[in-house]
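A short worksheet on the structure shown next.
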Protein chains: 2
Amino acid sequence: MSRSGADLALLLLGGFRSLVDSATAELARRGHEGVRPAHDFAMRAVAAGADNASELGRRLSVTKQAAAKTIAVLQERGYVTREADPLDARRKRLRVTPLGFEVMRQGEEIFEELRAQWERRIGPAELARFEDRLRELVGTEPVRLDAPGWVAQDLGGTGGG
Amino acid sequence: MSRSGADLALLLLGGFRSLVDSATAELARRGHEGVRPAHDFAMRAVAAGADNASELGRRLSVTKQAAAKTIAVLQERGYVTREADPLDARRKRLRVTPLGFEVMRQGEEIFEELRAQWERRIGPAELARFEDRLRELVGTEPVRLDAPGWVAQDLGGTGGG
DNA sequence: GCAGGTTCGACAACCATGTTGTCCATTACT
DNA sequence: AGTAATGGACAACATGGTTGTCGAACCTGC
């Protein structure tokens, strides 16, 4: 097989998609239609202190404009609120709503359940080992899940421009 | 830690991105600027017999229109040619050019090299085991790498998991 | 041989999610 | 106070998908 390398990549993608697709579907089933990982990520960043668009952009490694668009969606769905920042009139302070937190909570729960399923299939020790390897291989660089079609996108570092 | 499930997903994505980003960058370094996994996939499908837009769409699980757009790019870059099909005047027969094959070949080579690096890090046996687990977990469903921002996209009810 | 359905490919409009670039108000710095 | 930096808005555009529609070519049944 001359494609084991590429296959490995596909397999990794497959694993990710499998989890995320299932989680998204389950979240929808529970009444949170159309919640996507990116939303969760953004909310998490907001909850973690990225309480304005520019900062959120920085944390998510996207432009502030992109962050603003995401925020608009989150706000529209009632997952975050935006109020004037009393300390800085330029800012609009973001806050995750109870509904937003609820979605995050359920998301976590679902992912835990999915992981537990995998664990049941191959055993806890084996999954732990698997995760260890994965961590080793991936390293510590934070993972970006950004650009539309990033699978097919130009990547900053090199080809860039 | 209540996020091990989600972290597992991220880790998988990280692994995929790590490989793909490296491969894309390396391919660019070798003069094939802007070649993306989706291109490779499409070329592979063409080479494997999807020699018209509609068929390609089917194989890639995207609409024929989307396939047509991809083909346009591939053609523009000289990776595929389009000629009238002598047997069916509706069709434009696709063929991967030598350049296209070259890109595929180099892509494979690069992925192999990346996999070999991982192998060197954790050992062949361990990597094999890792891949086995991954295969078990992912199953045999073909992996789609389609929709723009699929990470953040609505997913048809199937869930895929 | 031809009517009617199916398929191919093209075009246009649109959605989603990014990106630059520009601009103004506000804040921070010197 | 004057100037730089920052936050956010808006507009234009790139990418890569999606529907919807349509004409031309093919296929099938009568």
Side-chain angles (χ1 to χ4, degrees), chain A residues 17 24 33-42 46 49-77 80 82-94 144-156 159-161, chain B residues 24 33-42 46 50-77 80-94 144-156:
Chain A
R17 287 213 58 167
T24 305
E33 203 82 30
V35 175
R36 299 147 305 121
H39 295 155
D40 185 82
F41 261 68
V46 171
D51 69 342
N52 63 80
S54 293
E55 178 58 25
L56 181 60
R58 262 174 246 124
R59 301 253 189 131
L60 300 179
S61 305
V62 300
T63 58
K64 59 184 179 178
Q65 291 88 337
K69 290 186 189 179
T70 300
I71 291 167
V73 173
L74 291 176
Q75 187 181 9
E76 192 188 21
R77 300 193 180 180
V80 303
R82 253 170 36 122
E83 324 149 1
D85 186 324
L87 303 175
D88 187 336
R90 291 170 305 180
R91 290 186 178 151
K92 300 291 175 64
R93 222 179 58 199
L94 304 173
R144 288 180 60 179
L145 43 133
D146 53 350
W150 57 262
V151 172
Q153 195 90 337
D154 180 31
L155 311 157
Chain B
T24 305
E33 202 83 29
V35 175
R36 298 151 302 123
H39 295 155
D40 184 83
F41 262 68
V46 171
D51 68 343
N52 63 80
S54 294
E55 179 56 26
L56 181 60
R58 261 174 247 125
R59 301 252 190 133
L60 299 180
S61 306
V62 299
T63 57
K64 59 185 179 179
Q65 290 89 337
K69 289 187 189 179
T70 301
I71 291 167
V73 173
L74 291 176
Q75 187 181 9
E76 192 188 21
R77 301 192 180 181
V80 304
T81 56
R82 254 168 37 120
E83 322 150 1
D85 186 325
L87 303 175
D88 187 337
R90 291 169 308 177
R91 290 187 177 149
K92 300 292 176 60
R93 223 179 58 199
L94 304 173
R144 292 179 59 181
L145 42 133
D146 52 351
W150 56 262
V151 172
Q153 195 89 336
D154 179 33
L155 310 156

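Every chain is numbered from 1 and lettered A, B, ... according to where its sequence line falls, protein lines coming before strand lines.
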### Contacts of type salt bridge (Lys or Arg N to Asp or Glu O under 4.0 Å), residue B/E76, not counting sequence neighbours
none
### Task
Would you please confirm or rule out a distance under 4.0 Å between OP1 or OP2 of D/dG7 and any side-chain N or O of A/R82?
no
### Message
When you measure from the side-chain N and O atoms of A/T70 to the phosphate of C/dG18, is any distance below 4.0 Å, counting only OP1 and OP2?
### Response
yes
### Task
Could you check which residues of residues 52-59 of chain A get a heavy atom under 4.0 Å from DNA chain D? Sort them by number, please.
A/N52, A/A53, A/S54, A/R58
Report the distance from atom [atom1] of [X] to atom [atom2] of [N], rounded to the nearest whole Å.
| X | N | atom1 | atom2 | value |
| --- | --- | --- | --- | --- |
| A/R91 | D/dA9 | CZ | C1' | 17 Å |
| A/E83 | D/dG7 | CD | P | 18 Å |
| B/K69 | C/dC8 | NZ | C1' | 17 Å |
| A/R93 | C/dT27 | CZ | C1' | 17 Å |

### Query
How would nucleotides 20-27 of chain D be written as a contact map, 5' to 3', with B for base contact, S for sugar-phosphate-only contact and - for no contact, using protein heavy atoms under 4.0 Å?
BB--BBS-
Taking only residues two or more places apart in sequence, or in another chain, which ones meet [X] in a side-chain hydrogen bond (donor to acceptor under 3.5 Å, both in side chains)?
| X | result |
| --- | --- |
| B/R93 | none |
| B/E55 | B/R58, B/R59 |
| A/D85 | none |

#### Entry: B/R82 CZ to B/N52 CG distance, which is reported to the nearest 0.5 Å
10.5 Å
In residues 64-71 of chain A, what donor-acceptor pairs under 3.5 Å come from side-chain atoms, sequence neighbours left out?
{"from": "A/T70", "atom 1": "OG1", "to": "A/A66", "atom 2": "O", "distance (Å)": "3.3"}

### Query
What pair of heavy atoms forms the shortest contact from B/E33 to B/R77, and how long is it?
O-NH1, 3.8 Å
### Message
Tell me every residue that passes side chain to side chain contact (heavy atoms under 4.5 Å, CB included) with B/V46, counting only those two or more places apart in sequence or in another chain.
### Response
B/L56, B/L94, B/V96
